[in-house]
Number of protein chains: 2
Amino acid sequence: MSISEKLLPFDVVPDDRALAIREALRNAIVDRRLAPGTKLSESEVGSLFEASRTVVRAALQMLAFEGLVKTERNRGAFVSNPTPEEAHQVFASRRLLEPGIVSAAVERITDADIDMFRHQLQEEVRFMGERGPSARRAEIKASGDFHLMLAHVSGNVILQRFMDELVARSSLVIALYGSTGVSRCGHHEHADIVDALQKRDAARASALMLHHIDHIEADLDIRVREGLALKDALDI
Amino acid sequence: MSISEKLLPFDVVPDDRALAIREALRNAIVDRRLAPGTKLSESEVGSLFEASRTVVRAALQMLAFEGLVKTERNRGAFVSNPTPEEAHQVFASRRLLEPGIVSAAVERITDADIDMFRHQLQEEVRFMGERGPSARRAEIKASGDFHLMLAHVSGNVILQRFMDELVARSSLVIALYGSTGVSRCGHHEHADIVDALQKRDAARASALMLHHIDHIEADLDIRVREGLALKDALDI
DNA sequence: CGCATATAGATCGTATCCATTTGTGATTCA
DNA sequence: TGAATCACAAATGGATACGATCTATATGCG
């Protein structure tokens, strides 16, 4: 909550309204409250948020950039339904970016940042202890925030934005293809990474991050859902 | 020309019109025909392209996402004037991404791709031989296309889009802070990279790419212009 | 039962209007 | 004469209505 505001990808605010709608839709998509394939009608979204189509279109265009929604000409905007191939590309991109981000973060990280990470880890533990879908969504979000915080600490605004997109898409992919056991091992690995950060051990932190991403992707049932994707396409 | 069409960052085309305007403005900005700080009035651009403000706004919003234009609330859109800090972040991002992209490209590159690269190198040589600002712009563009082709070969659409943005911003930065000698050494390094690609030597190709980026950034007069940036801010 | 056509629905693009903000220029006062 | 205040013009941001275009469903015919 407090973190995500500090992690806003854009310093300049073109319009508060569109950004608010974008954030709301983003959260809804990432939290799986909006299922992939769901049609996001401009009029409908506009009436929901009491905004005109102009603002909604700006928000939808932003989401289309991020890959969270796909727009089809004269058909409208739909919640993105990542293919296994796209899912793989998301993690391939993260494998490229995040080790370097971690290395850059080690150079600039302060003790205050470390404290912030520790606090974030406690949040993850808290949601891990709870049951139910809402807790799991909060857990996925907290896990993503960890990676966003790293990008924030790295100090590179561009990489921060790239990670913003990649984490959002990852959350969608995890919600789609994820089994259950991702979280627990994930937290442990987050803690290990923070330990390495605290010791300013860039090499170790990077290696841990790489393995962490490998584990996240390995825990996905991408192959199994290929059949389900077909079924989804049929009943929609 | 023919390449950039194949390298379009979005498979799905939300609206041809806005994309066309975006491309035109992009080229104009990257080619330095539109100087940084230039105001891009919605009405003016709209009348130039014979499009309504709606479409122009979509195009400007896309460009704002890419960092090529900056929008100020109730003031309008302006061609971005990258600060030295932003310029450095662009190259830091490229240093992270491109070696990995090269490695991925080695895995998938075909002999036909190699031929394409050779042909691209000849284009660079051709523009290198010519004089004048238009030839230099074409040279910068051709040099950028080389990197975009690599991202294309890597097969990762996400990385392709990231590179699309980074190359565009790099071209802007080079046009702003560049001295003159970048191009010649750049071409030689491109050729070396292609050689390594042909031998499927991922490690060497990655290392060459890293050095190449280092050289590009080293040849910029970022430090000198820091004072000029202040002067620019004053006389604008 | 399959296919082509026609109609209905929705979206996309344009034009127009209003509100808000910015920047400039004129007026006024010290 | 200089500076500060105020007013007006211009542009953006946002909302709405209308026409054009495309999709999708339904209907009719072979």
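- Here C/dG9 presents its P atom at 19 Å from CD of A/Glu42, a figure rounded to the nearest Å.
- Nearest to the side chain of A/Lys39, among D/dG13, C/dG13, C/dT11, sits C/dT11.
- Between D/dG13 and A/Thr54, no contact under 4.0 Å exists linking OP1 or OP2 to a side-chain N or O.
- Looking at the side chain of B/Asn74, the nearest of the listed nucleotides D/dA11, D/dC22, C/dT22 is C/dT22.
- Checked by atom type and distance alone, the side chain of B/Glu107 never pairs as donor or acceptor with a backbone atom of B/Ala104 at under 3.5 Å.
- For the pair B/Ile21 CD1 and C/dT14 C1', the computed distance is 13 Å after rounding to whole Å.
- At a threshold of 4.0 Å, the pair B/Glu217-B/Arg94 does not count as salt-bridged, since none of the basic side-chain nitrogens sits closer than that to a carboxylate oxygen.
- In this structure, B/Asp164 and B/Arg26 have side chains that are in contact, with non-hydrogen atoms separated by less than 4.5 Å.
- At whole-Å resolution of the value, CZ in A/Arg73 and P in C/dA10 are 19 Å apart.
- Distance, A/Glu72 CD to C/dG9 P: 21 Å, rounded to whole Å.
- Ring pair B/His190/B/Phe146 is parallel by interplanar angle, where below 30° counts as parallel and above 60° as perpendicular.
- The CD atom of B/Glu44 sits 15 Å away from the P atom of D/dA10 (whole-angstrom rounding).
- Between B/Ser43 and D/dT12 there is a side-chain N or O to OP1 or OP2 distance below 4.0 Å.
- For D/dA15, the OP1/OP2 oxygens have a side-chain nitrogen or oxygen of A/Ser52 closer than 4.0 Å.
- Dashed line: the shortest gap from a side-chain N or O of B/Arg17 to OP1 or OP2 of C/dT14 is under 4.0 Å.
- Whole-Å rounding puts the B/Arg53 CZ to D/dG13 C1' distance at 8 Å.
- An OP1 or OP2 oxygen of D/dG14 is reached within less than 4.0 angstrom by a side-chain nitrogen or oxygen of B/Arg57.
- For the pairing with B/Ser93, the side chain to side chain contact (heavy atoms under 4.5 Å, CB included) check across A/Leu97, A/Asn156, A/Ile101 returns one residue only, A/Asn156.
- Contact annotation: B/Arg75 side-chain N/O to D/dA10 OP1/OP2 distance is not under 4.0 Å.
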